[in-house]
Amino acid sequence: MAEAEAAAGCRTVEIVADNTDKADNNGDHTNNNSSNSSSNTSNNNSSSSSSTYSAPSSMYANAVCLAPMVRGGTLPTRLRALRCGADLVWSEELIDHKLINCTRVVNARLNTVDFVTPDNTLVFRTCGEETSRVILQIGTSDPNRAVQAAKLVENDVAGIDVNMGCPKDFSLKGGMGAALLKQPALVKDIVSALTANIKKPITCKIRVLPSYEETLSLARIIESCGAAAIGVHARLTQQRPREAVRPEYLAHLQRLAQELRIPVIANGGSLDIKSHADVLAFRKAAGCSSVMVARAAQYNMSVFRAEGLLPPLEMVAEYLRTAIACGNPYPNTKYNVLAAVAHDHDLHTRVLATRSTLEMCELFGLADHYRTHWVGGPEDAEAQAALDAALLAQDEAQQEQEQQHKRRRVFTESHIELDASFDVRDYPAAINPKVYLRMYAHKHGVENPVYDCTVADNGRRITCTCAFAGKTFASLWKPSNKKQAEQAAARVCLLSLGLMTGTTFADLETSASPSAILASYGAGSNTS
């Protein structure tokens, strides 16, 4: 299998664009889970049909699925999930505007079909192995754009899913994702337009609403428009993945599964999923036909294996082999490996320091495999390392720009709020945000932070404010645990002061004083 995969390796900047929109995609990737596979490469060659798809829902019934994940649902991850036993795999959310501007390119060197922007940026890559089982998720707020984007990809995927649950700012501000939960008329227009014009099944992924009646009403609208299935995340929009699923919202899924005629796909159980048995247990608890898994699969994709878990490092090595075979852009490869080793602080640190696929492979003892199987040979593999580093630098600059924007979300002259959560597993050493902030205050001779917590919703949600350096800081994430709320508020303070990036602290010895930092930020101006 490894040899067959790696033989397709190719420098990702050399996208083959011959015979665009006409060439076949007869990918010969091997699927180790043949009992679960029915790769249908003929879909890639089928001509467009004007007939409306009459949505059968059998594909979505009794299915164990890989859930859509931002940056996580790219081709190597999807293939690993299928080879471990997943029945269906979702892509990451792709925005309709971006898809519409793409060109479909048959990449003969990688045996893939690529969708690329005019500047050759890869947006979506797929291959014959997954054609009959990959669901492409689009982010949209407009029926016409939704149809236009779906038309472009429908011959290369098994289905189209509409994201109606993403709580991120970029989705909400664009009227997409969870913003659609409060716009049933627009939901009806989008789903109706897709089912009338696209010949592949249409699904939607939503979140529960505060009352069951609201959740059921929206689900029935989706069902009435011809959707083949509905995915339901058992959390409210404002809840975060690190919060346990509440029994009353799990009950929403149980009742939906009884009242709807289409399959309901349960989502949100990753906190309790450590094995394939846990996946099935969550599906049973939700009372749903099917289940989809996100974060638990990121940590170890073998949660899809009915035969049992494989060692995490073995799964990382298999992921790297697949990423090489798929010509996966290095920043995305690094992101997914970091997610897989998040609980190993030492290894996470070493992965974080790598700058290319070659360096990553050296870390995991796969350097010879990389050089041997790279399509251009050892010399080209070395050259690719420089290209990887340049692409990573570009990606890091973009991520830092986004972090700067988040850090400067000042809502008043004296108060800052960010969407920042806290997970103790991100801090295996003794230093956490509260400890670091006290150390920082001591170093610069300023008063220690003061935390003020307010309990709401019968103790289920706690808002915490951290007062420090003449400002107050709070998180939009509101857990049910006071200590977590205080840590989240401290993290907002550190992120706002530039003393933290992600879960990594700045060097305390070289840190500037609070007054100097706030002055450089133009304290008091509203830049939200």
Side-chain angles (χ1 to χ4, degrees), residues 71 240-242 299 331 334-335 337-355 363 392-393 395-410 415-451 464-477 479 481-521 523:
R71 302 189 77 180
R240 294 297 173 258
R242 287 159 181 163
Y299 300 144
K334 183 174 183 178
Y335 174 88
V337 173
L338 283 170
V341 302
H343 303 316
D344 186 329
H345 180 68
D346 178 62
L347 184 56
H348 189 274
T349 301
R350 286 186 287 161
V351 170
L352 197 62
T354 64
R355 308 296 298 174
L363 183 60
L392 181 64
D395 182 75
E396 288 174 338
Q398 181 179 348
Q399 296 298 319
E400 176 59 25
Q401 186 177 22
E402 293 176 1
Q403 288 295 327
Q404 288 281 356
H405 175 71
K406 290 180 180 179
R407 284 199 294 266
R408 295 176 184 234
R409 285 177 57 191
V410 181
H415 182 69
I416 299 174
E417 288 188 26
L418 297 177
D419 187 2
S421 58
F422 173 80
D423 189 334
V424 68
R425 295 172 296 184
D426 291 332
Y427 307 93
I431 299 178
N432 56 42
K434 287 183 66 178
V435 170
Y436 181 93
L437 188 54
R438 286 199 303 272
M439 293 167 60
Y440 175 78
H442 178 74
K443 173 177 172 55
H444 292 284
V446 297
E447 292 185 9
N448 282 329
V450 177
Y451 299 92
C464 183
T465 299
C466 170
F468 183 69
K471 285 187 177 289
T472 56
F473 306 85
S475 174
L476 298 173
W477 179 66
N481 180 287
K482 181 181 177 182
K483 291 183 179 179
Q484 287 184 331
E486 290 178 345
Q487 292 285 4
R491 187 165 173 245
V492 170
C493 178
L494 295 173
L495 289 168
S496 301
L497 297 176
L499 297 170
M500 192 176 193
T501 300
T503 57
T504 303
F505 300 109
D507 182 7
L508 190 63
E509 294 304 315
T510 59
S511 62
S513 68
S515 58
I517 293 174
L518 290 172
S520 70
Y521 268 55

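A distance-only check finds a donor-acceptor pair linking the side chain of Gln487 to the backbone of Lys434 [under 3.5 Å].
The shortest non-hydrogen separation linking Ala430 to Val435 is O-CG2, 4.1 Å. Closest heavy-atom contact between Ala474 and Cys464: CB-O, 3.5 Å. The nearest pair of heavy atoms linking Pro479 to Gln484 is CB-OE1, 3.7 Å. Taking all atoms of both residues into account, the shortest heavy-atom contact from Trp477 to Ala488 is CE3-CB, 3.6 Å. In terms of heavy-atom proximity, Glu417 sits nearest to Leu476 at OE1-CD2, 3.0 Å. Here the closest non-hydrogen pair linking Leu499 and Ser511 is CD2-CB, 4.0 Å.
By the 6.0 Å contact criterion, NZ on Lys443 is enclosed, its count of non-hydrogen atoms from other residues, nucleotides or ligands being greater than 12. Heavy-atom neighbours of Leu352 CG from other residues, nucleotides or ligands within 6.0 Å: above the threshold of 12.
The OH atom of Tyr436 sits 12.0 Å away from atom OH of Tyr427, with the distance rounded to the nearest 0.5 Å. Distance check, rounded to the nearest 0.5 Å: NE2 of His442 to CG of Asn448 gives 9.5 Å. Separation of atoms CG (Asp419) and OG (Ser475) is listed at 6.0 Å; rounding is to 0.5 Å. Taking CG of Leu494 as the start and OG1 of Thr503 as the end, the distance is 12.0 Å to the nearest 0.5 Å. Atom CZ of Phe473 and atom CG of Leu418 lie 9.0 Å apart (nearest 0.5 Å). Cys493 contributes atom SG, which lies 11.0 Å from atom CE of Met500 (distance to the nearest 0.5 angstrom).
Between Tyr299 and His343, the angle of the ring planes lies from 30° to 60°, which puts this pair in the tilted group.
For the pair Arg491 and Phe422, the cation-pi test (distance below 6.0 Å, angle within 45°) is failed.
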Pair His444-Ser513, side chain to side chain donor-acceptor pair (under 3.5 Å): steps then yes or no: CA-CA 6 Å; His444 292 284; Ser513 68; 5.3 Å; no
Candidate pair Phe468 and Tyr451, rule side-chain contact (heavy atoms from CB on, under 4.5 Å), full reasoning: CA-CA 9 Å; Phe468 183 69; Tyr451 299 92; over 6 Å; no
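Results of the side chain to side chain contact (heavy atoms under 4.5 Å, CB included) test with Val337 over Val351, Leu347, Leu363, Thr354 single out Val351 as the only residue that passes.
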